[in-house]
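Just so we're clear, the structure is a prediction, and the values are computed from it rather than from any experiment.
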Amino acid sequence: MPIIEEIARRVGVTFQNPDRQLFTQTVREECLFASKNFGIPEKEAENNLTSIAAALNIDKLMDRSPVTLSYREKKRIALASTPVHRPDVLLLDEPVAGLDQWNRERVLSLLRDFHHSGAGMMEITHDLLLVNCLATRVIFLRAGQKAFDGSTRQFFNGGWRDLYAE
């Protein structure tokens, strides 16, 4: 398998803006797109989708067109489509941005489950609650330069506020 295909198979990516990620005719097609392209058996992909859709409360949206949905629904669809094919790593850009508390908790629960299954995650975020809930390591960038690299505990026990103030 060529290197680009291997990376695409092993790393699931969710964009900050779901409008830049969603492109199929239905939510179901969107969520199963990667699985179909990577040869995941249809039954396995459908089972994965069923549990993810229930966790994110999108199960009733499967036959809808993504373009007809609200931002919050689109955000959850984009997040749901990423782990269906069970990549080794999720790369998430602001995964809970724009979500209300109820949907935020649903997303956090799904991401915790994914992480506990042994998969890796990298979140790009400004949300310190997300960092505190999910991260084990923090790399803090300022003006494109690494200003901190250490454990989440070191980050929150140290002078993290100073990183924002400078």
Side-chain angles (χ1 to χ4, degrees), residues 7-8 10-37 45 48-117 119-148 152 155-156 160-161 163-166:
I7 292 169
R10 298 184 69 199
V11 179
V13 179
T14 300
F15 300 161
Q16 180 176 357
N17 182 348
D19 287 324
R20 297 186 176 203
Q21 183 169 344
L22 306 176
F23 60 90
T24 62
Q25 296 298 311
T26 68
V27 169
R28 180 177 309 286
E29 288 175 49
E30 190 69 48
C31 291
L32 296 174
F33 183 82
S35 296
K36 184 176 181 180
N37 282 315
N48 292 344
L49 176 56
T50 298
S51 65
I52 292 168
L56 295 179
N57 194 34
I58 60 167
D59 39 349
K60 294 178 178 80
L61 302 175
M62 289 296 128
D63 296 322
R64 299 263 314 266
S65 170
V67 298
T68 67
L69 302 175
S70 71
Y71 178 85
R72 288 178 184 161
E73 290 167 330
K74 289 177 185 179
K75 187 78 169 182
R76 294 192 328 267
I77 301 306
L79 287 163
S81 69
T82 306
V84 171
H85 74 281
R86 299 285 189 227
D88 298 328
V89 176
L90 291 181
L91 177 57
L92 309 161
D93 189 359
E94 299 290 0
V96 294
L99 296 179
D100 59 29
Q101 189 62 34
W102 188 73
N103 285 306
R104 178 188 175 87
E105 290 301 322
R106 287 177 167 275
V107 169
L108 288 174
S109 179
L110 178 75
L111 294 177
R112 277 190 208 101
D113 290 348
F114 190 77
H115 180 68
H116 291 308
S117 74
M121 282 191 299
M122 178 184 284
E123 301 102 27
I124 301 157
T125 187
H126 295 87
D127 187 328
L128 292 179
L129 289 174
L130 178 69
V131 171
N132 197 36
C133 288
L134 293 177
T136 56
R137 179 178 173 197
V138 175
I139 300 174
F140 189 98
L141 301 177
R142 184 186 313 107
Q145 300 296 314
K146 188 168 34 172
F148 176 87
T152 307
F155 179 75
F156 285 111
W160 66 269
R161 287 178 180 89
L163 293 170
Y164 279 93
E166 292 179 15

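- Listed by chain and residue number, nothing satisfies the side chain to side chain donor-acceptor pair (under 3.5 Å) test with Asn132 (two or more places apart in sequence, or in another chain).
- Side-chain contact annotation: Arg106 with Asn57, donor-acceptor N/O pair under 3.5 Å absent.
- Looking only at side-chain heavy atoms (C-beta outward), Thr82 and Leu91 stay at 4.5 Å or farther from each other.
- Looking at residues two or more places apart in sequence or on another chain, you find a side chain to side chain donor-acceptor pair (under 3.5 Å) between His126 and Glu94.
- Two residues are said to be in side-chain contact when any heavy atoms from C-beta on lie closer than 4.5 Å; Ser81 and Gln21 meet this criterion.
- Among residues two or more places apart in sequence or in another chain, the side chain to side chain donor-acceptor pair (under 3.5 Å) test is passed with Lys60 by none.
- A distance of 3.5 Å separates CG of Asp19 from NZ of Lys74, quoted to the nearest 0.5 Å.
- In this structure the side chain of Thr14 never reaches within 4.5 angstrom of the side chain of Pro95, judged on heavy atoms.
- A salt bridge between Arg20 and Asp93 is absent, with no side-chain N of the basic residue lying under 4.0 Å from a carboxylate O of the acidic one.
- Glu105 is linked by a side chain to side chain donor-acceptor pair (under 3.5 Å) to Gln101, counting only residues two or more places apart in sequence or in another chain.
- Here Phe114 pairs with nothing under the ring pair (Phe, Tyr, Trp, His ring centres under 6.0 Å) rule; sequence neighbours left out.
- For the side chain to side chain contact (heavy atoms under 4.5 Å, CB included) with Arg64, the qualifying choice from Ile58, Leu69, Ile77 is Leu69, the only one to do so.
- Applying the salt bridge (charged side-chain N to carboxylate O under 4.0 Å, His left out) criterion to Asp63, with sequence neighbours excluded, gives no partner residue.
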